[in-house]
Amino acid sequence: MTSQATWRKSSRSQNGPNCVELSNTLNDLRDSKNATGPTLRGSVPALLREIKHGRFDR
């Protein structure tokens, strides 16, 4: 992750402690409680597409 990335927290989090943040590149997620910790890298738009198509339904 480059230092140029900016992070956005969900507006639904209401400043709560349990939230994820999305990078401006739409390729990284991180835990808002651990901003210097590891990130989950992947295509967020592709993940959302799979969720909407029911790929992760049980």
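Note that the numbering runs from 1 along the sequence shown for the chain.
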Chemist: Hey, what do you get for CG (Leu29) to OG (Ser23), rounding to the nearest 0.5 Å?
Modeler: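 One gets 7.5 Å once the value is rounded to the nearest 0.5 Å.
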
Chemist: So, taking the atom named NZ in Lys52 and the one named CG in Leu47, what distance separates them when rounded to the nearest 0.5 Å?
Modeler: 11.0 Å

Chemist: Quick check: do Asn24 and Leu26 have side-chain heavy atoms less than 4.5 Å from each other?
Modeler: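 The answer is no; the side chains never approach within 4.5 Å.
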
Chemist: Between Ile51 and Phe56, what is the shortest heavy-atom contact and its length?
Modeler: CG1-CD1, 3.7 Å

Chemist: Per the salt bridge (charged side-chain N to carboxylate O under 4.0 Å, His left out) rule, which among Lys33, Arg30, Lys9 passes with Glu21?
Modeler: Arg30

Chemist: What's the shortest heavy-atom distance between Thr39 and Trp7, and which atoms?
Modeler: CG2-CH2, 3.8 Å

